[in-house]
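Reading through the structure tokens given below for one structure.
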Amino acid sequence: MEISHERARLLDERIPRRVRDLAQHWLDSLSDKARQLVQVAAAVGGSFMVVEVASMLRETTASMLPALNETIASGLLICPGEQTVFQHELVRRSIADALPAAVRQALRQDVSALRRQHCLQVPMPPEFLVTGGRPAGTPVPGSTDAPAPLPASAPLPASSTEPGIVHRLLPALLMARSTRTEPLPLGLADELRAGLTAVLQAHYADVELTGTADAPLADRADRITRNTVSLFADGVQRATTRARAMLAAHQGRDDEADAVTATVVMSNLEWAVGDLAEGLRWGQRAVQCLGPATPPMWSPYVRLALATKLSDIGRFEEAEGLIRTARTEAEALGQPHTATPSIARAMLLLQSSRLQEAQDSARTGLEVAAKTGGGWVVPVGQAVLILVALRRGDLASAADYAWRCRAAVGADSTVFPSIHFDWGECLVATAQLGARRTAELLTTTYAHLLTSPQLFVEEAAAAAWFVRLALAADDMPLASTVVTAAERFAAANPGRPTLAVAALHARGLLERDSEALRQAAREHVSPCAGALAEEDLGILLSAQDEKNGALGAAALRSALQRFVQIGSQGDIERIRAFMEEHGTPVTSAPRQGRAATAGWEALTETERSIAHLVSDGLTNRQVARRVSLSPHTVNYHLRAIFRKLGIGSRVEVARHITHSA
């Protein structure tokens with residue numbers, strides 16, 4: 001380097017051998033598919049979308065998710081938004097330079113053709129990730145990548161009494177079902193301390209509290225801030241220890257901000273490890289503790305944290321009441337706070353099998369979060385959309401949402417771990433890869449799902465789903481492991497019928513017990529889980545003698561009727577396919593469950609929305625923003641619209657809609 005007039009410049013822009021060796025060592029530690037993903041991505045340039053690399057490798061987006069997760073975990077790649085980038089530009093260049101020049105050129109031509117074909121426009125990542133802090137438009141030394149103008153990020157609402165960092169991180173802590181796996185980054189922790197102190201000083205200066213002749217205002221705010229930030233612990237045990245110590249020290253002043261926060265954290269952690277009674281007790285106590293000493297922005301999240309738990313165990317009406325109250329409180333605080341009630345309600349609606357309402361509520365929450373910087377809640381909303389799309393048989397959209405969800409998790413340091421993310425990915429992988437391949441993933445990538453108390457309580461049919469998958473893959477040990485875990489969890493939480501019936505459903509599948517399946521079909525609180533149990537009963541009986549075969553046909557028709565009422569098109573088509581394959585009549589089931597193959601009636605709800613927007617003259621990218629999909633997925637739906645309507649252009653879409661009207 002040469003240093004002159006307080007500036008330094010490189011004399012030689014060749015990458016040092018030690019950097020190339022490091023890059024090679026990094027590559028060697030990856031699986032074959034992850035290594036291939038990284039090499040292709042390095043040749044493509046500074047940023048890319050997984051759908052591009054998947055297409056170039058002749059893979060599906062879903063099948064690439066485990067490899068993507070592996071590269072993110074290794075520290076090679078990060079996801080600061082909808083695009084993926086290399087953590088270190090020099091490492092990317094090293095990997096790209098190791099490829100033959102002809103191969104690099106061919107890969108770049110392939111991705112350029114792909115982007116032209118699918119109208120993909122990949123936004124550049126934040127400036128420092130690409131240019132190392134150089135002004136926008138300055139090329140990276142030795143790189144052929146020319147940065148595009150950087151899009152302006154959504155401003156974070158802030159005021160003297162409520163800095164933006166507080167409305168991002170504090171709600172994330174209160175709503176989390178787990179704790180962080182590593183400490184807060186130092187800069188983020190400092191910013192949170194400053195923001196919390198400002199909020200607390202403003203609140204305690206305005207509120208007259210009786211019986212508080214203790215420390216001065218500044219000392220009091222500082223103590224509460226330090227206590228609250230300490231709950232962003234790197235591990236369940238440390239967070240639990242800190243929360244208990246804080247509560248023990250309060251001695252009757254439970255409505256102060258840090259005491260309320262510690263109570264909610266205790267509720268979340270007990271819930272996460274499977275002690276539902278304690279989780280509910282702490283959650284109810286937190287709501288009861290809300291009082292004059294609790295700053296207003298705490299209240300909606302404390303109620304929502306309890307509401308989500310009540311929803312998990314099927315107490316939907318109580319949960320709805322808490323969400324309504326929380327929404328009113330959030331609206332009084334301003335728009336940044338209204339995203340979370342919408343996402344919480346979306347999850348409740350999904351658990352009660354109200355698919356369209358769940359989708360609408362999730363999209364509303366995501367729209368607010370996109371405008372106000374509430375990135376921590378985005379992956380939860382995307383997870384709802386994954387599950388709704390799968391229920392409706394829209395695998396392309398489900399895979400797209402899964403990718404967006406994982407990108408959001410990697411992009412925002414305020415996101416806490418959630419079982420929803422991995423569960424959605426696992427379901428997408430199963431739909432695309434099949435039972436045997438997914439069963440293999442359940443011993444590696446998704447092994448933690450098999451015995452997760454959090455998943456079993458939040459997804460009523462999860463245990464039965466794993467057993468069904470294991471039986472399809474002829475993996476009896478896997479099926480037995482899941483049933484044992486579900487029964488152990490139910491036994492540890494007596495008085496929770498939702499858990500008992502879930503374990504009964506799983507056991508009935510494993511042992512081919514028709515009475516157990518019949519009881520599960522009757523007693524599941526979740527309509528979807530009940531319909532799945534009745535479907536399992538119908539399939540079991542259909543394989544037996546003539547008398548039971550007739551009972552099986554009746555059970556299948558009943559399950560079909562349930563799914564029609566829910567609007568679960570994917571399940572409808574699966575049952576119909578089974579019944580047609582086995583010659584079982586479906587005449588007693590409503591015919592609207594069968595999808596048309598051509599014409600306007602053949603279009604899905606998403607396709608109709610896209611058709612109307614296209615007819616209004618919107619581009620794929622504009623449509624994508626309206627319907628919360630990627631431009632690539634919009635293009636996929638547009639091709640399906642052309643095929644079903646028998647047309648070949650966007651103009652004909654508009655003409656068709658005008659004629660129909």
Taking atom [atom1] of [X] and atom [atom2] of [Y], what is their separation to the nearest 0.5 Å?
X: R244; Y: T263; atom1: CZ; atom2: OG1; value: 11.0 Å
X: D394; Y: Y401; atom1: CG; atom2: OH; value: 7.5 Å
X: M297; Y: H203; atom1: CE; atom2: NE2; value: 12.0 Å
X: L322; Y: L310; atom1: CG; atom2: CG; value: 6.0 Å
X: T308; Y: W271; atom1: OG1; atom2: CH2; value: 8.0 Å
X: L192; Y: T228; atom1: CG; atom2: OG1; value: 8.5 Å

So, do [X] and [Y] sit near enough that their side-chain heavy atoms are less than 4.5 Å apart?
X: L355; Y: S568; answer: yes
X: L280; Y: L306; answer: yes
X: Q359; Y: R392; answer: yes
X: L469; Y: L442; answer: yes
X: L77; Y: F86; answer: yes
X: F489; Y: V457; answer: yes
X: L427; Y: W465; answer: yes
X: H505; Y: V501; answer: no

Between [X] (side chain only) and [Y] (backbone N and O only), is there a donor and an acceptor less than 3.5 Å apart?
X: T325; Y: G321; answer: yes
X: N493; Y: R496; answer: no
X: T443; Y: E440; answer: yes
X: S311; Y: A307; answer: no
X: T71; Y: A34; answer: no
X: T197; Y: D222; answer: no
X: T240; Y: V236; answer: yes
X: N227; Y: M246; answer: no
X: Y204; Y: R220; answer: no

Closest non-hydrogen atom pair, [X] against [Y]:
X: V265; Y: A243; answer: CG1-CB, 4.5 Å
X: I224; Y: A257; answer: CG2-CB, 3.9 Å
X: A362; Y: V384; answer: CB-CG1, 4.0 Å
X: G495; Y: P497; answer: O-CD, 3.2 Å
X: A259; Y: L247; answer: O-CD2, 3.5 Å
X: Q201; Y: A221; answer: CG-CB, 3.6 Å

Legend entry - Derivation and outcome, side chain to side chain contact (heavy atoms under 4.5 Å, CB included), residues T340 and V368: CA-CA 9 Å; T340 309; V368 173; over 6 Å; no
Inset, instruction - List the steps and the verdict of side chain to side chain contact (heavy atoms under 4.5 Å, CB included) for E256 and R223. - result: CA-CA 11 Å; E256 284 204 318; R223 169 180 58 80; 3.2 Å; yes
Legend entry - Validation row, ring centre F466 to ring centre W423 under 6.0 Å: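 Ring-ring flag for F466/W423: true, centres closer than 6.0 Å.
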Legend entry - Counterpart residues, side chain to side chain contact (heavy atoms under 4.5 Å, CB included), relative to P379 (two or more places apart):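 Side chain to side chain contact (heavy atoms under 4.5 Å, CB included) list for P379, sorted by chain: C405, A408, V409, V415, F421.
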Electrostatic pair [X]-[Y], nearest N-O below 4.0 angstrom:
X: R226; Y: D258; value: no
X: D312; Y: K309; value: no
X: E367; Y: R363; value: no
X: E320; Y: R345; value: yes
X: R324; Y: E329; value: no

Inset, instruction - Apply the test side chain to side chain contact (heavy atoms under 4.5 Å, CB included) to residues R177 and E458: give CA-CA distance (whole Å), side-chain angles for both, the deciding distance (0.1 Å), then the verdict. - result: CA-CA 11 Å; R177 297 300 181 84; E458 294 181 23; 2.8 Å; yes
Legend entry - Donor-acceptor side-chain pairing of S342 and S361 below 3.5 angstrom: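 S342 vs S361: no donor-acceptor pair found between side chains.
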Legend entry - Q351 and S526 side chains, donor-acceptor separation under 3.5 Å: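 No, Q351 and S526 have no side-chain donor paired with an acceptor closer than 3.5 Å.
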Legend entry - Whether F416 and F232 hold their rings parallel, tilted or perpendicular, with breakpoints at 30° and 60°: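 F416 and F232: tilted rings.
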Inset, instruction - I would like to know whether Q454 and V273 meet side chain to side chain contact (heavy atoms under 4.5 Å, CB included); could you show each step before the answer? - result: CA-CA 7 Å; Q454 187 181 350; V273 299; over 6 Å; no
